[in-house]
Structure formats: structure tokens, C-alpha cells
Amino acid sequence: MLEIVSFTLGPAQTNAYLIADSETKEAAVIDPSWDGHIILEAAQKRGWRIGHLWYTHAHFDHIGGAGAIADALNPLPLVALHPNDHVLWRAGGGGAMFGFDIDPGPEPTIDFVHGMKLKLGSVEFEIRFTPGHTTGHCILYVPAVRVCFCGDLIFAGSVGRTDFPGGNWDTLVKSIKEQVFTLPDETRLLPGHGPETTVGEEKLSNPFVAGM
Ligand SMILES: [Zn+2]
Ligand SMILES: [Zn+2]
């Protein structure tokens with residue numbers, strides 16, 4: 001069964017999600033935003049082994065805790081990211097623009113590809129390529145429990161910024177329409193910032209994209 005522990009951490013109040021298959025205790029972190037020791041402690045307390053770091057995109061506030069997590073793990077966790085965001089990852093996630101110099105942790109070695117299936121224990125995740133906020137942004141959907149980790153694509157009542165390098169409004173809207181609004185209405189959306197919401201709720205009332 002999929003278990004989810006969420007954290008809101010760092011200078012941009014970014015949500016990190018520690019997830020595990022409660023039977024096998026295999027764990028991953030989706031967007032290890034900041035303060036890796038806090039995420040690590042939560043995993044250790046539960047007897048979970050973090051084997052993977054999965055990034056929706058490479059902005060500094062989504063990967064700022066990766067170094068501290070990896071430093072405490074042996075073997076190192078495997079890092080997955082869409083290749084279009086590798087340049088951003090190498091540039092420290094753009095943190096210098098805001099005065100942050102992060103430890104980005106291990107190099108990404110797994111390339112997210114649209115339609116790719118990943119397994120954590122017996123739980124299957126589907127990768128959906130959703131550019132617009134960055135050129136390599138992806139979301140992770142778990143069909144069995146209808147949960148979608150949607151990064152900075154869409155938030156409760158808002159959408160991701162498109163004014164950073166690589167951002168594009170039309171592309172963002174297309175990604176939301178084709179990759180989020182096609183999921184079942186009851187699907188829980190767990191975003192990179194702010195509270196969780198559902199596909200149905202955003203279709204109905206999101207002031208930027210409702211009714212699309
Ligand atoms: Zn971002
Ligand atoms: Zn963000």
C-alpha cells in the first residue's frame with residue numbers, strides 16, 4: 001500500500017513527499033525540497049529505506065534537500081529527472097538568482113520519459129511529461145489510488161509561474177488540459193506548493209484554467 005508523508009520546507013515553502021510501499025518499506029522522495037535531515041528522520045522512524053529521489057523539475061527549492069539525504073545513505077539513492085531539466089539541475093536549480101547555493105546531491109541517472117512506468121515496491125507510478133513551468137517538468141500519477149504528484153504545474157486555485165527561463169504559458173495550459181484534466185475527477189492533486197486539491201475541483205473553480 002502507498003503511504004505518503006508530506007513536508008513543507010525551505011525558503012519557498014515547497015512541499016516534499018516521502019512515499020513508501022508500507023509492505024516492502026521501499027521509499028522514495030518526490031521533490032526533496034529542503035532540510036533533508038527532517039525527511040530522512042521521518043523515513044528512519046518508520047523503518048523505510050529511501051532508494052530513489054524523483055524530481056518533478058529541477059528548481060532549487062524542489063531539490064535543496066537532496067544532498068543531505070544522499071550523504072546519509074549507502075547505497076546512494078537513484079535520481080530521476082526529465083533530460084530537458086538537466087541544464088537547470090547543473091545550474092543549481094536557478095538558486096543563485098535568489099541568493100541560494102544548494103548541494104544538488106547525486107547526478108540524475110534515470111531519464112523520465114512520457115508514459116514511463118516506475119515501481120516502488122508493488123505501487124506503480126506513471127510519468128506524464130508536462131512542460132510549461134520548466135521545459136522538463138513531469139508529474140507522477142498513481143492510477144491504483146488516483147493520486148497525482150503535480151509539482152509546479154497546477155495548484156489549488158492557481159498554476160505554475162511561466163516567467164522563469166524555459167517557462168511558456170501556452171505550453172503550461174496545454175499540459176494541464178491534456179495531462180491533468182484527463183485524469184478522473186476524484187484524483188487527488190498533491191502540488192509543489194500549498195494544500196492538496198482534486199482534478200474535479202480545479203476543473204470547476206481554478207480561475208486560470210477552469211472550463212478548459
Ligand atoms: Zn518550480
Ligand atoms: Zn516550486
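Only heavy atoms go into these numbers, but all of them, side chains included; no hydrogens, no water, no symmetry mates. Along the sequence shown, residues are numbered consecutively beginning with 1.
In this structure, Leu204 shares a hydrophobic cluster with no other residue, the cluster being traced through Ile, Leu, Val, Met, Phe, Trp and Tyr side chains under 4.5 angstrom apart.
Remark: Asp111 pairs with no residue by the side chain to side chain donor-acceptor pair (under 3.5 Å) rule, at least two apart or across chains. For Val113, the side-chain contact (heavy atoms from CB on, under 4.5 Å) test picks out Met116, with sequence neighbours left out. Take His137 and apply the side chain to side chain donor-acceptor pair (under 3.5 Å) test, not counting sequence neighbours, and it matches Thr130. When the side-chain contact (heavy atoms from CB on, under 4.5 Å) test is applied to Thr8, the partners found at least two apart in sequence or on another chain are Gln13, Asn15. Residues meeting the ring pair (Phe, Tyr, Trp, His ring centres under 6.0 Å) test with His52, sequence neighbours left out: Trp54. Shown here are the side-chain contact (heavy atoms from CB on, under 4.5 Å) partners of Asp185, two or more places apart in sequence or in another chain: Val199, Lys203. For Glu23, there are no side chain to side chain donor-acceptor pair (under 3.5 Å) partners two or more places apart in sequence or in a different chain.
The salt bridge (charged side-chain N to carboxylate O under 4.0 Å, His left out) analysis of residues 51-67, with sequence neighbours excluded, yields no pairs. The list of salt bridge (charged side-chain N to carboxylate O under 4.0 Å, His left out) pairs with a residue in residues 121-142, not counting sequence neighbours, reads Glu126-Arg128. Within the structure, the ring pair (Phe, Tyr, Trp, His ring centres under 6.0 Å) test picks out no pair touching residues 172-191 (sequence neighbours left out).
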Identify each donor-acceptor pair in which a side-chain atom of residues 77-102 lies under 3.5 Å from a protein atom, sequence neighbours left out, and give them as a table.
{"from": "His82", "atom 1": "ND1", "to": "Asn84", "atom 2": "N", "distance (Å)": "3.0"}
{"from": "Asn84", "atom 1": "ND2", "to": "Thr135", "atom 2": "O", "distance (Å)": "3.1"}
{"from": "Asp85", "atom 1": "OD1", "to": "Thr134", "atom 2": "OG1", "distance (Å)": "3.2"}
{"from": "Asp85", "atom 1": "OD1", "to": "Gly136", "atom 2": "N", "distance (Å)": "2.9"}
{"from": "Asp85", "atom 1": "OD2", "to": "Ala58", "atom 2": "N", "distance (Å)": "3.0"}
{"from": "Asp85", "atom 1": "OD2", "to": "Thr134", "atom 2": "OG1", "distance (Å)": "3.0"}
{"from": "Arg90", "atom 1": "NH2", "to": "Glu107", "atom 2": "OE2", "distance (Å)": "2.5"}

